[in-house]
Amino acid sequence: MSGMNPRQREAVRHFGTPLLVLAGAGSGKTRVITQKIAHLVDDRRMEARHIAAVTFTNKAAREMAERVGKLVKGKSARGLTISTFHTLGLNIIRRELKALGYKPGFSIFDAQDAEALLKDLLRHGKQDDGVASTHQWRISHWKNALLSPEQALAQAEDELDQRTALLYADYQRSLKAYNAVDFDDLIQLPVRLFLDHPETLDKWRDRIRYLLVDEYQDTNGAQYELVRQLAGMRRAFTVVGDDDQSIYAWRGARPENLAKLKEDFPDLELIKLEQNYRSSSRILKTANRLIANNPHVFEKRLWSELGPGDPIRVRECNNDQHEAQWVVSEIMNSKFIRGGRYGDYAILYRGNHQARLFEAELRNHNIPYFLSGGQSFFARAEVKDVMSYLRLLANPDDDAAFLRVVNVPRREIGATTLEKLAGHASQRGVTLLAACSDLGLEQSLSGKGLKRLRDFAEWVGEFHRRAEQDHTVDTVRAMLRDIDYEGWLRDKSSDKKVAERRMKNVLELVDWLDNLHKKDPDRTLADMVNHLALQDILDQQNEEDTSEQVRLMTLHSAKGLEFPHVFLVGMEEEIIPHRTSIDEDNIEEERRLAYVGITRAQRTLTITHCAKRKRYGEVVSCDPSRFLDELQGEEVQFEGGKTKPPPEEQKRRGQAHLAGLKAMLEE
DNA sequence: ACGCCGCGTATTTTT
DNA sequence: TACGCGGCGT
């Protein structure tokens, strides 16, 4: 408890009624949660297995677990749950499989699998479809709001909505037939289960006697309901959040869940953490001024004792290329003057496409950089292939996995054969793998195609049996050898290096499986695969030394992070606030996005905007963001624009400066 | 099975 | 501009 401020201490000690901690940016919220867990275990003598802390990302969960591990010694931390919402949901589902009507070995469909399934359903429904991803989007929103297909249909407002609702029903039926759940189901199914089976809910309430929720403003309808259900009569919970950092409403988060809490739990205690330990006061004043333009349920004012710090600089650039050049030269300049590391610098932008010019410029100067975003580990083809094999071994009903691997590596099973197989399968009401062994299949298929399918099915069956008996990971290795996956990667990849990298990813995956198995040898393959599917392995690989790399990332992925020097780029109308948000009149969330960006900065903050910018290949002129008007004040220095030196002088200075720096860097 | 062409689209992203 | 996808031809 030492080194905490009175408010933080109060939040840690509070017990007996529900607690909402309104934690401003950089106010030490993770500290409060971890200390609170320690307090519950050490001082209130609660058993760790009765405490659950829930986060949104694996990274946050990992960080929290690590910090709690340092506070709570050895055995007393045993059984503590620190996990993401989705992992918590997965654990509930796998323990209550029967009641939910799922079979053991069920699969988890990721967004890609789900979209592929929807496309397939649309193809066969052969209505003048519409884009699968649009349907997927709506269905996800319905699920997150706990609407069943029937309810969705009942409240559909137009024809498109109705079609999506019908598709939603088909989609759920298919998932069930494949013995699979999607990401949204991981939350939705437990909630529905608890609604239908109060006795099961009681069991889980007895298990989770104290609940802590991080980033509470990001909860969606289903997640909030889960929290409410688990809290129950005991009402023993602490949620931590910040309405000003709610930037995920577009994907179903409901920041009003913060205010709703007060209605649902009248004895809710509210504690505000307003002291910021991250930024200098000029940065905070600017942030406060900007966010004051949003309506607030809870008033909050951040302050800090870190001194005034440097003024905030706002710089106008001629165009996007100039912006990149200027920012990169500023980074070189600053690093040269201050010392320090490239890892102290972050360039934050609204959309990923903005990264390109900065990347190019950094590369020009041989400055190392780290780009967040891009595809995740599990989106990689080779990882998806192997995951699909594992899924199929664990769950023979997983048609998505079947389709993915049936011809990888080549088994000469083409589209026509699969089309016929699928036709037969749906006629018989069985899944694809089962249909391969169906005796009636001769009627639809003959010759080579039939034989190849049967061989494949037999092969899967054999490894399925082995996986159940043998040391699971050995079976996986044997399987990969058997199909010569490495050889397939080599043949397929143009570059030898690429093939090696891909194989490395595969081996990484197998290693993870091995580790999981060693930790708990009793787990089934399906179990391990499902847990793996919710992890982002790359996340953790990436934690390797980034201290000398300039960070490039979107404002969204910067949430929760901090950097000594922040460059907030592209501060223009139609970018922040984004065009579509202007059209939809959703400026407030964009303002919060800008607020999140500003509050990432510890020591210096530089904001840029361009007079012109290339958009879809066309040069367009840009207005400075309205947020620049809103945040201006005595802490903010505007450079460029009217006050900037003439271009020739600027260029001369820039070149001289760069030449000097280059000379020094070369030494 | 593969590759080429033309079309449409174009935030933010985690699990 | 750029990329991915579906359609079509070889």
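Residue numbers start from 1 in every chain, and the chains themselves are labelled A, B, ... in the order their sequence lines are given, proteins ahead of strands. Both backbone and side-chain heavy atoms feed into the values below; hydrogens, waters and symmetry mates do not.
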What integer distance in Å separates [X]:[atom1] from [N]:[atom2]?
X         : N       : atom1 : atom2 : value
Asn530(A) : dT15(B) : CG    : C1'   : 13 Å
Phe56(A)  : dT14(B) : CZ    : C1'   : 10 Å
Glu215(A) : dT15(B) : CD    : P     : 12 Å
Leu186(A) : dT15(B) : CG    : C1'   : 8 Å
Leu534(A) : dT15(B) : CG    : P     : 9 Å

Using a 4.0 Å heavy-atom cut-off, does [X] contact any base of the nucleic acid, only the sugar-phosphate backbone, or nothing at all?
X         : result
Gly414(A) : sugar-phosphate
Arg356(A) : sugar-phosphate
Asn407(A) : sugar-phosphate
Arg410(A) : sugar-phosphate

How about Gln321(A): does its CD atom have over 12 heavy atoms from other parts shown lying under 6.0 Å from it? no

Does the side chain of Asn58(A) get closer than 4.0 angstrom to OP1 or OP2 of dT15(B) through an N or O atom?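 Checking Asn58(A) against dT15(B): at least one side-chain N or O falls below 4.0 Å of OP1 or OP2.
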
I'd like to compare against my own output: the B/S/- annotation of nucleotides 3-13 of chain B with a strict under-4.0 Å heavy-atom distance to protein. -------BBBB

Each nucleotide N or O in nucleotides 4-9 of chain C that has a protein N or O under 3.5 Å away: list the pair and distance.
none

Between [X] and [Y], does the ring centre distance come in under 6.0 Å?
X         : Y         : answer
Phe85(A)  : Phe56(A)  : yes
Tyr248(A) : His556(A) : yes
Phe456(A) : Phe402(A) : yes

Do any N or O atoms from the side chain of [X] and from the backbone of [Y] form a donor-acceptor pair under 3.5 angstrom?
X         : Y         : answer
Thr34(A)  : Thr30(A)  : yes
Asn530(A) : Asp527(A) : no
Thr599(A) : Tyr595(A) : yes

Is there a donor-acceptor contact under 3.5 Å linking the side chains of His531(A) and Arg523(A)? yes

No-hydrogen, no-angle side-chain donor-acceptor test under 3.5 Å, Ser581(A) and Glu590(A):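 Note: Ser581(A) and Glu590(A) side chains meet the donor-acceptor criterion.
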
